[in-house]
Amino acid sequence: MSKKSIGDDIWKGSVEKINSELFTLTYGSLVAQLCRDFENNYHEVNNQLDKMGYNIGCRLIEEFLAKTGIKRCSSFKETADIISKLGFKLFLNIQPQVENWSNDNKTCSLIIPDPNPLTEFVELPVSTDAKIAKELWYSQILCGVLRGALQMVQLDCDVYFVKDVLRGDERTEMKLKLNKVLKDEVPAGED
């Protein structure tokens with residue numbers, strides 16, 4: 001059975017779909033508040049969004065694994081495929097494309113389909129603040145979510161945006177880079 005059919009079977013099955021509209025509608029307010037709190041220091045806003053996303057990802061992975069029943073992936077390539085076909089579908093109802101694999105299969109791109117649910121009702125105020133389009137990664141929370149979830153399955157990764165439609169790019173693209181596979185460690189005192 002192919003990975004695509006496994007994903008389709010799980011999606012059609014009894015997996016409860018999460019309505020992403022509440023998150024996407026409130027996310028804009030969160031970003032706007034962070035911009036005010038950090039006085040338009042967009043690098044710090046990006047850091048805060050990434051930290052929030054990381055904490056979310058550390059918790060979402062348990063729900064993802066419980067709802068999908070997916071077993072440990074055999075490679076980073078398979079992991080990226082599962083993230084694309086199931087993770088984003090389950091939580092945001094989108095399916096990014098995985099492209100641009102490096103020769104060593106440790107780096108790839110996730111192409112977020114348009115419209116990105118986080119940015120569907122957003123226009124950056126570039127006319128009043130030119131820095132915003134150069135410094136703010138509006139959907140940075142997604143990088144943190146992926147980084148946190150991947151860390152929980154023993155994959156130390158860098159996740160970052162390289163393109164964003166909100167910045168005038170033709171598409172929204174994230175990079176995933178596997179740094180190392182972490183050792184499974186038994187907590188101290190447990191054998």
Side-chain angles (χ1 to χ4, degrees), residues 2-13 15-25 27-28 31 46 49-50 52-54 56-61 63-65 67-70 72-122 124 136-153 155-179:
S2 74
K3 290 177 207 152
K4 182 168 176 29
S5 64
I6 291 171
D8 291 342
D9 291 345
I10 290 172
W11 182 248
K12 289 176 189 171
V15 175
E16 174 189 337
K17 282 72 169 185
I18 296 172
N19 186 341
S20 63
E21 287 179 20
L22 178 62
F23 178 63
T24 59
L25 289 173
Y27 183 70
V31 174
N46 292 336
L49 290 170
D50 192 77
M52 287 178 196
Y54 178 84
I56 292 168
C58 288
R59 287 160 183 79
L60 271 184
I61 191 66
E63 183 176 351
F64 172 79
L65 294 172
K67 287 185 176 187
T68 63
I70 293 291
R72 183 180 290 264
C73 295
S74 61
S75 67
F76 184 58
K77 201 167 190 172
E78 182 182 1
T79 302
D81 196 44
I82 295 295
I83 289 168
S84 168
K85 289 187 171 77
L86 289 177
F88 275 92
K89 186 77 170 168
L90 180 64
F91 295 109
L92 288 176
N93 198 27
I94 60 172
Q95 186 172 335
Q97 296 300 312
V98 182
E99 299 178 357
N100 304 323
W101 279 100
S102 63
N103 291 336
D104 62 0
N105 287 330
K106 290 186 177 185
T107 304
C108 67
S109 295
L110 280 180
I111 310 304
I112 307 293
D114 199 30
N116 171 349
L118 295 183
T119 65
E120 196 167 359
F121 307 108
V122 174
L124 294 180
L136 178 66
W137 291 105
Y138 185 82
S139 300
Q140 182 67 32
I141 200 165
L142 295 178
C143 294
V145 168
L146 287 175
R147 199 170 49 81
L150 289 167
Q151 181 125 14
M152 293 295 104
V153 292
L155 297 175
D156 176 31
C157 296
D158 292 332
V159 184
Y160 53 94
F161 279 98
V162 293
K163 295 182 181 179
D164 191 344
V165 171
L166 284 180
R167 290 177 159 208
D169 297 318
E170 73 281 0
R171 65 186 190 173
T172 301
E173 178 179 346
M174 301 171 74
K175 284 284 188 189
L176 275 68
K177 179 183 176 222
L178 176 64
N179 296 321

Undergrad: What's the spacing between K85 NZ and I82 CD1 if we round to 0.5 Å?
TA: 7.5 Å
Undergrad: Could you check V165 against T119 for side-chain contact (heavy atoms from CB on, under 4.5 Å), going step by step and ending with a plain yes or no?
TA: CA-CA 9 Å; V165 171; T119 65; over 6 Å; no
Undergrad: Within a strict 4.5 Å, meaning less than it, do heavy atoms of the L142 and L92 side chains meet?
TA: yes
Undergrad: Looking at F76 and C157, what are the two nearest heavy atoms and their distance?
TA: CE1-SG, 3.7 Å
Undergrad: Taking the side chain as every heavy atom from C-beta outward, state whether L178 and T107 have any pair of such atoms under 4.5 Å apart.
TA: no
Undergrad: Using side-chain heavy atoms (C-beta onward) and a distance below 4.5 Å, is Q95 in contact with S84?
TA: yes
Undergrad: Out of curiosity, R72 CZ to T79 OG1, how far, rounded to the nearest 0.5 Å?
TA: 9.0 Å
Undergrad: So, does R167 use its side chain to make a donor-acceptor pair with the main chain of L136 at under 3.5 Å?
TA: yes
Undergrad: Check I61 against A149 and note the closest heavy-atom contact, atom names and distance.
TA: CG1-O, 4.0 Å
Undergrad: Give the C-alpha distance, both sets of side-chain angles, the deciding distance and a yes or no for side-chain contact (heavy atoms from CB on, under 4.5 Å) between Y27 and L49.
TA: CA-CA 10 Å; Y27 183 70; L49 290 170; 3.7 Å; yes
Undergrad: Would you sort out whether D50 and W137 count as a side-chain contact (heavy atoms from CB on, under 4.5 Å), showing the intermediate values?
TA: CA-CA 10 Å; D50 192 77; W137 291 105; over 6 Å; no
Undergrad: Do the non-hydrogen side-chain atoms of P96 and I111 ever get within less than 4.5 Å of each other?
TA: no
Undergrad: Give a yes-or-no answer on whether the side chains of N116 and S139 include a donor-acceptor pair shorter than 3.5 Å.
TA: yes
Undergrad: When you check the gap from the basic side-chain N to the acidic O, do K67 and E63 get nearer than 4.0 Å?
TA: yes
Undergrad: Would a 4.5 Å heavy-atom cut-off, applied to side chains only, mark L146 and F88 as touching?
TA: yes
Undergrad: Quick one: closest heavy-atom pair of K163 and E170, and the distance?
TA: NZ-OE2, 3.0 Å
Undergrad: Quick one: are I141 and L118 in side-chain contact, heavy atoms under 4.5 Å?
TA: yes
Undergrad: Quick check for you: to the nearest 0.5 Å, what is the distance between F91 atom CZ and L86 atom CG?
TA: 10.0 Å
Undergrad: Contact between N105 and S75 at the side-chain level, heavy atoms closer than 4.5 Å - yes or no?
TA: no
Undergrad: Given side chains that start at C-beta, do those of D158 and N179 come closer than 4.5 Å, heavy atoms only?
TA: yes
Undergrad: What distance do C73 atom SG and I83 atom CD1 have between them, rounded to the nearest 0.5 Å?
TA: 8.0 Å
Undergrad: Please name all residues satisfying side chain to side chain donor-acceptor pair (under 3.5 Å) with S109, sequence neighbours left out, ordered by chain then number.
TA: N100, E173, K175
Undergrad: What pair of heavy atoms forms the shortest contact from C108 to A80, and how long is it?
TA: SG-CB, 4.1 Å
Undergrad: What heavy-atom pair brings L65 and I70 nearest, and what distance separates the two atoms?
TA: CD2-O, 3.9 Å
Undergrad: Out of curiosity, L176 CG to C143 SG, how far, rounded to the nearest 0.5 Å?
TA: 8.5 Å
Undergrad: Output the distance between atom CZ (F161) and atom CG (L166), rounded to the nearest 0.5 Å.
TA: 9.5 Å
